[in-house]
Novice: 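Sending over a structure as structure tokens; questions will come in a sec.
Below, chain A is the first sequence line, B the second, and so on; all start at residue 1. Here the structure is a predicted model, which is why all the values come from computation and not from measurement.
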Number of protein chains: 2
Amino acid sequence: MTGGEKEITIYDIANKLNISAATVSRALKDHPRVSKKTKKLVIKIANEMGYRSNSFASNLRKKSSHIIGLIVPRLNSNFMADVIAGLEKVLNNNNYNLIISQSLETMQKEISNANAMLVNRVDGLLISLAYDTTNIDHLEPFIKRNIPVIFFDRVFEHDRCPQIYIDNYKAAYEITTHLIKQGCKRIVHITASQLRKIYAERYAGYKKALEDHNIQFDADLVIINDLSSEAGIASAHQILKMSPRPDGVFSANDNCAISCMQTLKKEGIKLPADMAFAGFNNDPAAIVVEPNLTTVNYKGYEMGEVAAKLMIDHLINKDEFHPAHSLILRSEMIVRESSLRKV
Amino acid sequence: MTGGEKEITIYDIANKLNISAATVSRALKDHPRVSKKTKKLVIKIANEMGYRSNSFASNLRKKSSHIIGLIVPRLNSNFMADVIAGLEKVLNNNNYNLIISQSLETMQKEISNANAMLVNRVDGLLISLAYDTTNIDHLEPFIKRNIPVIFFDRVFEHDRCPQIYIDNYKAAYEITTHLIKQGCKRIVHITASQLRKIYAERYAGYKKALEDHNIQFDADLVIINDLSSEAGIASAHQILKMSPRPDGVFSANDNCAISCMQTLKKEGIKLPADMAFAGFNNDPAAIVVEPNLTTVNYKGYEMGEVAAKLMIDHLINKDEFHPAHSLILRSEMIVRESSLRKV
DNA sequence: CTGTTAGCGCATTCAT
DNA sequence: ATGAATGCGCTAACAG
């Protein structure tokens, strides 16, 4: 291949029109000090000649890419797809583009992704941390250069980076309270590493709900794993060994809750009569499992929108972030049969 | 904000070391004709000074971005997440990066995504088409410029663009044959727009299997919709009205199969005794629904790998694509209880 | 093995 | 309202 016909530049347009490249550049950018007539003409000819702006040259000159980087643990969830749709809407409306990569839940990949974003000179970075990320040294090069970094969902405490996440504490408090109101006295909580703020907060909400309803907190009822399907099966076996047998389970995600439920069912436990269940995330499978799983829904689209808006505002106003820019979004409990006991 | 300390360039490194910028550039690129000593020194100083290469300048000079564009209908599936992981592995190993966007199943968004990719000067484009894409005029600017375009999964016939997809015909043939072997005589097929090659081929495979087993094809048993959950419910009602009642269902995706199953169960149909079910995609919910759904699994990771390899080979060898570069991948049937009848 | 030079395409200052 | 000139930072001849 030859690269096809040569790429045409503003100089080619300028020559054909006998005007200067500067005027072409301005016309294409809809600069106010160019006559309507020349603008129209330039645009017409540009289209005819098949011109496409060279973003490298433009970015080099302007020292900005108008590209926002996004790093997420995994893409395979409705939540993330929604977040991205929300982000793209706001960013595209403001002439920004998005580049996306997934860390696959490992800090190592997250680091290499961040470096790629750095070299590709994103104007801002949005990141939801990998499961095993323990520090954010890899983000320091951004912060040092005043490239805005915004955490969302899986956030990290940093006084120059806003965080956007849902009110995990409140959601967990509400759903635990709901289980208590359904008559549960011994409620298991399945959660993950407490280094992740979201899991720590769900745990805290669970504890507080017990306390407020005069139920003694029992550390033996707390299972910590990675919330995978396999972990759900293991949790079920652990629960079966508990004595007296628990009468409720609040899992920090649906995925784990579902495989746990299925395992318990196979072992003859009646759900929700013997044991009520609640999860978190509103996974599509939550309405497939029987009984349908009570869970917490949070709109990713909205989270994407607010994250993008925060980023755009910052880029346009060029001011420093305040920790106060952090946002906590509301979530909603969705009650389904898995937690409805005939009390 | 001020942009922080000034970005340092190869000239800054060159000055500090009293060598030329060209040598610095070569050293950083690990060019063979630079002494080990200078290389080491340059790299050390570069790190100390916090240098980051300027990809705009480099790309402008080299007229290539080393970025591959990816456009997919939606990101919220395991399949897509796997495809992307496979792509990233191969591309990153070859020093290429990926930029991703989702068309949200609309041709309009797909067009604007493609334009963004064009302006951002991707070196190649990988695309799985939106549901309602009827032509690929928006990809012509790439093809005209000899920017390689590779279709995967939801492909389009074009003599300069290879296609990578699974053998839908064969998979559908096999799964239909399986249903027949389980004793099904009247098998419904739920599918989507026949403009999409993948659905047309699944349909064809279904038909051929019937024919090869001497079962009269009956157009009344074919339901065409958008394969959504809602469509699954509607399909169930349609099936209930069919007389004589069908004894098997092959849905072109799991999602639709599952909601259809649940609706039928509510109406008192025994699965699989009254009606055997098979889907397509190996959705996570396929092992949650009861009975677990027989389906077709195809490894996205592998598809991502081969697509990326094809792209890389093409970019390195700079030769034209041949239609012969198209690839058809194997898939595997996963038999679960939904199709196992005690015959 | 290293240096000199030039130019990629654009946006912008300073003229007019 | 338009033009001329300059440089963003890098890489690739070419020359030693």
Novice: Is it the case that more than 12 heavy atoms not belonging to Lys16(A) sit under 6.0 Å from its NZ atom?
Specialist: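 Atom NZ in Lys16(A) is not packed in, count stays at 12 or less.
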
Novice: Quick one: on DNA chain C, does Lys36(B) or Arg121(B) contact a more 5' nucleotide (nearest heavy atom)?
Specialist: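 The residue closer to the strand's 5' end, by nearest nucleotide, is Lys36(B).
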
Novice: Please report the distance, rounded to the nearest Å, between NZ in Lys29(A) and C1' in dC10(C).
Specialist: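 About 8 Å, once rounded to whole Å.
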
Novice: Using heavy-atom distances to pick each residue's nearest nucleotide on DNA chain C, tell me which of Ile8(A) and Val34(B) is more 5'.
Specialist: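 The residue closer to the strand's 5' end, by nearest nucleotide, is Val34(B).
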
Novice: Could you pick out which residue, Arg52(B) or Arg33(B), lies toward the 5' side of DNA chain D when each is mapped onto its nearest nucleotide?
Specialist: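 Mapping each residue to its closest nucleotide by heavy atoms, the 5'-most match is Arg52(B).
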
Novice: Asn15(B) CG to dG3(C) C1': how many Å, rounded?
Specialist: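 So the CG-C1' distance, Asn15(B) to dG3(C), works out to 14 Å.
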
Novice: Please confirm whether the shortest side-chain N or O distance from Lys63(A) to OP1 or OP2 of dG9(D) is below 4.0 Å.
Specialist: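 Checking Lys63(A) against dG9(D): at least one side-chain N or O falls below 4.0 Å of OP1 or OP2.
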
Novice: Give the rounded distance in Å between these two atoms: CG of Asp12(A) and C1' of dC8(C).
Specialist: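 Taking CG of Asp12(A) and C1' of dC8(C), I get 13 Å after rounding.
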
Novice: Does this structure show an ion pair linking Lys89(A) with Glu305(A), if we count only N-O contacts that are shorter than 4.0 Å?
Specialist: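 Salt bridge present between Lys89(A) and Glu305(A).
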
Novice: Grab the NZ-C1' distance between Lys6(A) and dG9(C) for me, whole Å please.
Specialist: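 Atom-to-atom, Lys6(A) to dG9(C), this comes out as 11 Å.
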
Novice: Could you tell me how far apart Glu7(B) (CD) and dG9(D) (P) are, to the nearest whole angstrom?
Specialist: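 Distance, rounded to whole Å: 9 Å.
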
Novice: Going by number, which of residues 40-50 of chain B have a non-hydrogen atom under 4.0 Å from DNA chain D?
Specialist: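 Hits under 4.0 Å, by residue number: none.
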
Novice: Could you state the atom-to-atom distance from NE2 of His31(A) to C1' of dT2(D) in whole Å?
Specialist: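 So the NE2-C1' distance, His31(A) to dT2(D), works out to 10 Å.
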
Novice: Distance from Lys62(A) atom NZ to Phe56(B) atom CZ, nearest 0.5 Å?
Specialist: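 That separation rounds to 9.0 Å.
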
Novice: For atom CD of Gln108(B), is the number of surrounding heavy atoms from other residues, nucleotides or ligands below 6.0 Å larger than 12?
Specialist: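 Open.
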
Novice: Starting at atom CG of Asn59(A), determine the distance to atom C1' of dT12(C), rounded to an integer number of angstrom.
Specialist: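 To the nearest whole Å, that distance equals 16 Å.
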
Novice: Is Tyr11(A) touching bases, backbone alone, or none of the nucleic acid, heavy atoms closer than 4.0 Å?
Specialist: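 Base, at least one base atom sits under 4.0 Å.
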
Novice: Could you state the NZ-P distance from Lys62(A) to dG9(D), rounded to the nearest angstrom?
Specialist: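 Whole-Å distance recorded here is 15 Å.
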
Novice: Verify the contact: side-chain N or O of Thr38(A) to OP1 or OP2 of dT2(D), cut-off strictly under 4.0 Å; return yes or no.
Specialist: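 Indeed, a polar side-chain atom of Thr38(A) lies that close.
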
Novice: Should Glu157(B) and Phe151(B) count as side-chain neighbours, where that means a heavy-atom distance under 4.5 Å?
Specialist: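 With C-beta onward as the side chain, the pair stays apart.
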
Novice: To the nearest 0.5 Å, what is the distance between CG (Leu75(B)) and CD (Gln102(A))?
Specialist: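 Answer for the CG-CD pair, Leu75(B) versus Gln102(A), is 9.0 Å.
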
Novice: Pairing donors with acceptors under 3.5 angstrom, does anything connect the side chains of Ser35(B) and Thr38(B)?
Specialist: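 Result is yes, a qualifying pair exists.
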
Novice: Does a side chain donor of either Arg160(A) or Asn146(A) reach within less than 3.5 Å of an acceptor in the other side chain?
Specialist: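 Their side chains do contain a donor-acceptor pair, which is all the 3.5 Å distance test asks for.
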
Novice: Between Lys63(B) and Glu7(A), does at least one N-O distance fall below 4.0 Å, as a salt bridge requires?
Specialist: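 Glu7(A) and Lys63(B): not salt-bridged.
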
Novice: Using a distance-only test with no angle check, is there a side-chain donor-acceptor pair under 3.5 angstrom linking Asn113(A) and Ser103(A)?
Specialist: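 Side chains of Asn113(A) and Ser103(A): no pair found under 3.5 Å.
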
Novice: Give the residues of residues 16-28 of chain B touching DNA chain D, defined as any heavy atom closer than 4.0 Å, sorted by residue number.
Specialist: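 Output list: Ala22(B), Ser25(B), Arg26(B).
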
Novice: Counting heavy atoms from C-beta on, name the nucleotide in dT2(D), dG9(C), dA11(C) closest to the side chain of Ser58(A).
Specialist: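 Nearest nucleotide to the side chain: dA11(C).
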
